[in-house]
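Quick one: structure below, then a few questions.
First listed ligand is number 1; within each ligand, the first listed atom is number 1. Note that this is a predicted model, so its numbers are computed, not measured.
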Amino acid sequence: MCGIVGAVAQRNVTGILVEGLKRLEYRGYDSAGVAVLETENNHLKCLKSVGKVNQLAEKVAQNDIDGQTGIAHTRWATHGVPSEDNAHPHVSGDRFALVHNGIIENYSALRKSLQQDGYQFISETDTEVVVHLIHKLCTKNGLSLLEAVKTMVKDLHGAYGLCVIDKEQPDRLIVARSGSPLVIGVGIGENFVASDPLALGQVTDQYIYLEEGDIAEVTKDNIDIFANGEIVNREVTRIRGEIDDVTKGDYGHFMLKEIYEQSRVIQNTLNGRISAEHVLEESFGVKAKAIFDQITSVQIVACGTSHHAGLITKYWLESIAGIPCHVDIASDYRYRRIIVQPGTLFVTISQSGETADTLAALRYANELSYVASMAICNVATSSLVRESDFSLLTMAGREIGVASTKAFTTQLVALLLMTLVLGRRHGLTEEKESGYVHDLHKLPALVTDVLKQDTAIQQLSIQFADKHHALFLGRGPQYPVAKEGALKLKEISYIHAEAYPAGELKHGPLALVDDRMPVVAVAPNDELLGKLKGNLAEVSARGGKLFVFADESAGFDDEEEYQLIKLPAVPEVLAPILYTIPLQLLSYHVAILKGTDVDHPRNLAKSVTVE
Ligand code: G6P
């Protein structure tokens, strides 16, 4: 995924830009570049390289660049292969340089019109149109850089976070944000810009987060932010210490911190991948479209929590995209004879990208007749990503708690995006897609709402701490959610927990139910709610203790019969993501009461790199 860094200062900013890019390497990229306005001769110097930031750093060192204003970028190819020509910054008229994250959907029409005006294109990217549009507005219409950006963004459809510099106004950066995040780093006599504050931890601890639609003019001494043409004030946030994923901050455990990060990292996973109305398919990479066009079924393979993400995806792919999906556990798949249906996409899901069984399954699948292999993964440099034909990265940040939380919910977000782009080819209408995308826009705020139940869940956890067993029930896509809830409880509290599809109760597990067996039910207000209620009545009738995580309007009002955690009404498609979160909290609080080692449960490893 692309990354942006910009700086305007009284000192040479080149080192700051390169260090910023290094800090963004974790996001995954295939080329990098930097553009600096050189102080001595006011020359616009632009250097790019395919491959690692270190290779760019070597070029920068050889060129001995010295400038006080500059921008830099790591590119993850979407339009056009990884190459120096396609790498950012893009330049126009040897005067303007621009870096961009996101996707300009109407670039093709803009490109044609600019070509008619005589502009020559060097790259295959969607981005290059933006810098030429700015050039045109400044040179032909006589606008300042700020005015040109304000005017130009009205012509852009899609998602962007962008930063541009102009040789004629060398003391400023202009930035604009719509659908792709940007933050301004506030310094003393110098200011910075980045797509992620992590890039600027070396130079500042004060940040202004730009909001959707914001445009800002940043000089070394001043920051003007405009929303709808008017100057606005945006709060400065202080983040003490280095921003990273490897400290617990104010949280007692990484697991709790990671549970609470979910709203932010889900937003990060959506950034640049959806517009207001639909999924930006190009964000899957250059090769994806031609592959998706051939797909008529999907085979998913994964382990542990990632396997549960696959099970939920099966429901989505079949009900939303209308295409069949098989899901297998990697350790089983890799030793089976596999019959591949023509037109099948092979998808692996993995937080680490190094799980031995998943990797072995991929290598096996690569020998079979799948159309292509795709990885849903949290680590850009992992073996799984490198050995797959293409990948969609989750933006969960580093996950340290052994029990996976934020990696799981971001996997689900990525898999839902995949479902929608495949669905388009199999009858999912634009209207329906836009409905799902509207729901996705609401997801980060809904996560925050669900987290408000933390104290109530903590209270509930007291009733689990002395138990030896627990049963988790769900129907339809909530069954894998129940499985994930049971796995979390097992992993960190060492309580034996089993998940069952609620309709299966009477075929065995009902025999286990008594007042020592807590029964947890996942009950969003979906079409199977009536059926689930019937199943729960079977539990009550046998004296079982019911703990129900339910939609506030689901009609579970008999407080004697149920211990209830009421969750806000949520769109049905998002229920598997949102109902997972209270179950994560439940297992966390039970583990705390039991005094186990929450972040490092016994006998388990974060990344299982051996068979
Ligand atoms: C281990 C971890 C789990 C994880 C599983 C798969 O068992 O403890 O949290 O779900 O491996 O890992 P992966 O990195 O492939 O998602």
- Any donor-acceptor pair under 3.5 Å from Asp599 side chain to Met255 backbone: yes
- Query: Side-chain donor-acceptor pair under 3.5 Å between Thr344 and Gln299, yes or no?
  - Reply: no
- Query: Name the residues with a heavy atom less than 4.0 Å from ligand 1?
  - Reply: Cys303, Gly304, Thr305, Ser306, Ser350, Gln351, Ser352, Thr355, Val402, Ser404, Ala605, Lys606, Val608
- Task: Could I get the full list of side chain to side chain donor-acceptor pair (under 3.5 Å) partners for Arg602, not counting sequence neighbours?
- Result: none
- Expected output: side-chain Thr448 to main-chain Pro444 donor-acceptor under 3.5 Å: yes
- Task: Report the residues that fulfil side chain to side chain contact (heavy atoms under 4.5 Å, CB included) with Tyr479, sequence neighbours left out, ordered by chain and then residue number.
- Result: Lys483, Ala499, Pro501
- Item | ring-ring contact (aromatic ring centres under 6.0 Å, His included) pairs, two or more places apart, involving residues 480-505 | His469-His496
